[in-house]
Amino acid sequence: MDKRERIISVILLLFAVMPNVKAQQTTLSRDVAEQIRDQIVAEWLSDQTGLLKKNDETNCITQNGLHMRYDVKVYGQEPVDGRSLWISMHGGGNAPTALNDSQWENQKRLYQPEEGIYVAPRAPWDDWDMWFKPPIDDMLDELIRTMVVFHHVNPNKVYLLGYSAGGDGVWRMAPRMADRWAAASMMAGHPGDVNMLSLRNLPFMIWCGGDDAAYDRNRVNAQRGLEMDSLQQSDPTGFIHETHILPGKPHWMDLEDKTALPWMAQYHRHPYPSTVAWVQGDRGHKHFYWLGVPEEETKKGAELRVSVKDNTINIDTEDYTSVTLYLNDSIINLNKPVTVKWGKQTVYKGRLPRTEENMRNTINQRGDLAYCFPSQVTVKKRVKTSK
């Protein structure tokens with residue numbers, strides 16, 4: 001048999017076994033799913049290297065005509081499980097560009113983690129809400145991906161902090177993107193009307209000078225600290241937090257707040273919490289941890305609570321008509337039947353297959369190594385009809 005005949009034989013053999021391969025892909029075992037996941041992750045990282053190369057070369061995220069420059073400093077030795085990433089947002093606000101630039105320069109050297117990639121981005125705007133306008137979510141996501149691909153960052157060790165206007169941003173972006181962060185610390189910012197329920201699985205610190213009376217920062221931050229106390233009292237396994245209102249300190253806290261960094265560093269992101277509380281912020285999101293909702297229903301204030309125990313998932317919401325559950329064996333035992341209840345109604349019961357298609361789709365949707373799910377199911381709220 002010559003070379004050409006051997007190639008044809010191989011092709012025919014592949015076509016002969018392809019139906020069996022396809023059938024196996026729809027019902028993958030846990031071990032096989034994990035092997036395929038590793039391959040998918042490797043391919044995804046390779047693809048991202050080309051897509052994000054310009055970011056790393058220019059230290060700038062560019063999206064839809066907006067530019068977010070950033071400064072990078074490296075501290076300590078790289079741990080076995082990968083680098084930590086510290087995203088540190090500067091103050092300023094609705095002020096001349098030169099003033100915001102000077103605040104950026106200050107933020108570059110303001111904090112020094114014991115270990116990690118310390119990234120100080122420059123806000124794309126000179127405005128009071130510079131750190132929580134709707135486009136910033138996607139820019140921060142791309143910044144994280146860039147650091148994961150080029151700087152060996154562990155996506156479960158990404159921390160968010162910010163001072164003054166940067167603290168305003170932490171108040172909004174910590175809950176809005178709580179599923180990305182390992183911990184967050186707010187320094188001398190204002191919470192506005194933010195809902196804090198989404199902080200349920202995110203360790204969070206509040207820092208403010210006791211004499212920082214501008215915009216009532218001292219008073220409202222103290223109130224938010226008490227609110228976090230109350231949330232934790234009613235849900236002791238969630239809402240890890242500390243509140244520091246420093247007596248006699250004005251807007252500048254003389255770096256007493258730098259102790260936030262070792263406190264934050266003790267926590268890693270848990271991407272698959274057994275209980276999720278999710279309230280939509282100023283910009284709607286379709287995904288949060290292992291949950292998904294219809295994009296057209298992501299209005300501000302829409303609330304969803306989901307918990308899992310003993311292979312039963314409980315959904316509590318009046319604000320969505322359907323919920324998608326993205327699942328793996330860290331969340332639930334996929335070798336056994338899964339029950340999904342919406343309130344008191346059972347809306348799904350059965351086995352869920354692990355598939356390669358689900359893993360490829362979810363890693364591309366989420367752009368996060370942790371959110372590559374082998375199984376998923378979408379359930380709808382049943383509406384009672386009158387007889």
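Counting begins at 1 with the first residue of the sequence.
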Take Leu161 and Met186, measure what side chain to side chain contact (heavy atoms under 4.5 Å, CB included) needs, and give me the verdict at the end. CA-CA 6 Å; Leu161 59 158; Met186 189 292 309; over 6 Å; no

Quick check for you: to the nearest 0.5 Å, what is the distance between Ser164 atom OG and His251 atom NE2? 3.0 Å

Under 3.5 Å, is there a donor-acceptor pair linking the side chains of Gln63 and Asp138? no

CE of Met253 to CG of Leu246, rounded to nearest 0.5 Å, is 6.0 Å

Counting N and O atoms only, with roles assigned by atom type, does the side chain of Tyr267 sit under 3.5 Å from a partner on the main chain of Lys157, one being a donor and the other an acceptor? no

Please step through salt bridge (Lys or Arg N to Asp or Glu O under 4.0 Å) for the pair Asp329 and Lys336, ending with a clear verdict. CA-CA 10 Å; Asp329 288 276; Lys336 296 181 178 180; over 6 Å; no

Taking it one step at a time, do Gln107 and Ser88 satisfy side chain to side chain donor-acceptor pair (under 3.5 Å)? CA-CA 7 Å; Gln107 200 73 20; Ser88 185; 2.8 Å; yes

Under 6.0 Å from the ring centre and within 45 degrees of the ring axis: does the NZ or CZ of Lys133 meet both conditions for the six-membered ring of Trp131? no

Side chain Asn154, main chain Asp81, donor-acceptor under 3.5 Å: yes

For a side chain to side chain donor-acceptor pair (under 3.5 Å) check, start with the C-alpha distance between Glu303 and Trp278, then their side-chain angles and the critical distance, and finish with the verdict. CA-CA 6 Å; Glu303 186 173 336; Trp278 180 15; over 6 Å; no

In terms of ring plane angle, is the pair Tyr118 and Tyr111 parallel, tilted or perpendicular, where the classes change at 30° and 60°? perpendicular

With a 4.5 Å cut-off on side-chain heavy atoms, are Leu85 and Ile144 touching? yes

Is a side-chain N or O of Trp263 found less than 3.5 angstrom from the main chain of Thr259, in a donor-acceptor match? no

Taking all non-hydrogen atoms of both residues, which atom of Thr317 and which atom of Trp342 are closest, and how far apart? O-NE1, 3.2 Å

Test of ring centre spacing under 6.0 Å for Tyr163 and Trp252: yes

Any residue meeting salt bridge (charged side-chain N to carboxylate O under 4.0 Å, His left out) with Lys249, in chain and number order, not counting sequence neighbours: Asp254, Glu256

Rounding to 0.5 Å, atoms CD (Glu227) and CG (Asn221) come to a distance of 11.5 Å

Asn156 side-chain N/O to Ala182 backbone N/O, donor-acceptor pair under 3.5 Å: no

Answer yes or no: is there an ion pair linking Asp235 with Arg200, defined by an N-O contact shorter than 4.0 Å? yes

Looking at Glu114, I'd like to know if its CD atom is crowded, meaning that more than 12 non-hydrogen atoms belonging to other residues, nucleotides or ligands lie closer than 6.0 Å. no

Crowded around Lys341 NZ? As in, over 12 foreign heavy atoms under 6.0 Å? no

Judged by atom type as modelled, is there a donor-acceptor pair below 3.5 Å linking the side chain of His285 to the main-chain atoms of His287? no

Between Arg366 and Tyr289, what is the shortest heavy-atom contact and its length? NH1-O, 2.9 Å

Does the side chain of Arg69 come within less than 4.5 Å of Asn59's, by heavy atoms? no

Ignoring hydrogens, what is the shortest heavy-atom contact between Tyr326 and Gln365? Give both atom names and the distance. OH-OE1, 4.0 Å

Using atom types as modelled and distance alone, determine if a side-chain donor or acceptor of Asn311 lies under 3.5 Å from a backbone N or O of Asn333. yes

Will you find, in the side chains of Ser84 and Glu115, an N or O donor that is under 3.5 Å from an N or O acceptor? yes

With side chain to side chain contact (heavy atoms under 4.5 Å, CB included) as the criterion, how do Thr146 and Val148 come out once you've worked through the C-alpha distance, each side chain's angles and the decisive distance to 0.1 Å? CA-CA 5 Å; Thr146 301; Val148 168; over 6 Å; no

Do the side chain of Thr355 and the main chain of Leu28 share a donor and acceptor less than 3.5 angstrom apart? no

Quick one, His244 with Asp257, criterion side chain to side chain contact (heavy atoms under 4.5 Å, CB included). Give me CA distance, side-chain angles, the key distance, then yes/no. CA-CA 8 Å; His244 298 270; Asp257 51 300; over 6 Å; no

Cys372 and Arg37 have their tightest heavy-atom pair at SG-CG, 3.9 Å

What do the steps show when you test Asp368 against Arg269 for salt bridge (Lys or Arg N to Asp or Glu O under 4.0 Å), and what is the final call? CA-CA 12 Å; Asp368 191 313; Arg269 176 181 68 164; 2.9 Å; yes

Smallest heavy-atom separation, Asn201 atom then Val276 atom, equals ND2-CA, 4.1 Å

Can you find a heavy atom in the side chain of Thr321 that is under 4.5 Å from one in the side chain of Lys380? no

So that I can tick it off, tell me whether Lys299 and Glu297 are bridged by a salt bridge, with the cut-off set at under 4.0 angstrom between side-chain N and carboxylate O. no

Between Arg360 and Glu357, is the closest basic N to carboxylate O distance under 4.0 Å? no

Pairing residues for Lys381 by the salt bridge (charged side-chain N to carboxylate O under 4.0 Å, His left out) criterion, not counting sequence neighbours: Glu318

Do we see a donor-acceptor contact under 3.5 Å between the side chains of Ser307 and Thr275? no

Short question: side chain of Asp168, backbone of His190 - any donor-acceptor pair under 3.5 Å? yes

What is the distance from atom CZ of Phe204 to atom CG of Leu160, rounded to the nearest 0.5 Å? 8.5 Å

Is Arg354 salt-bridged to Asp31, cutoff N-O under 4.0 Å? no

So, taking the atom named CG in Asp127 and the one named CG in Asn100, what distance separates them when rounded to the nearest 0.5 Å? 9.5 Å

Would you call Asp101 and Leu99 a side-chain contact if the rule is heavy atoms closer than 4.5 Å? no

Distance flag, aromatic centroids of Tyr159 and Trp86, threshold under 6.0 Å: yes

Side chains of His90 and Asn106 only: does a donor on one sit below 3.5 Å from an acceptor on the other? no

For the backbone of Val194 and the side chain of Arg224, can you confirm whether one donor and one acceptor N or O come within less than 3.5 Å of each other? yes

Got a sec: does the CD of Glu296 have more than 12 other heavy atoms crowding it under 6.0 Å? yes

In short, Phe288 meets Pro175 closest at the heavy-atom pair CE1-O, 3.8 Å

Are the side chain of Arg176 and the backbone N or O of Phe132 linked by a donor-acceptor pair below 3.5 Å? yes

Please determine if Asp56 and Lys54 form a salt bridge, counting it only when a charged side-chain N lies under 4.0 Å from a carboxylate O. no

In Å and rounded to the nearest 0.5 Å, what is the CD to OG1 distance from Gln223 to Thr243? 12.0 Å

Would you call the rings of Tyr371 and Phe373 parallel, tilted or perpendicular if under 30° counts as parallel and over 60° as perpendicular? parallel

Flag side-chain contact, heavy atom, 4.5 Å: Val340 against Leu325: yes

Could you go through the side chain to side chain contact (heavy atoms under 4.5 Å, CB included) check for Val293 and Thr324 one step at a time? CA-CA 6 Å; Val293 295; Thr324 299; over 6 Å; no

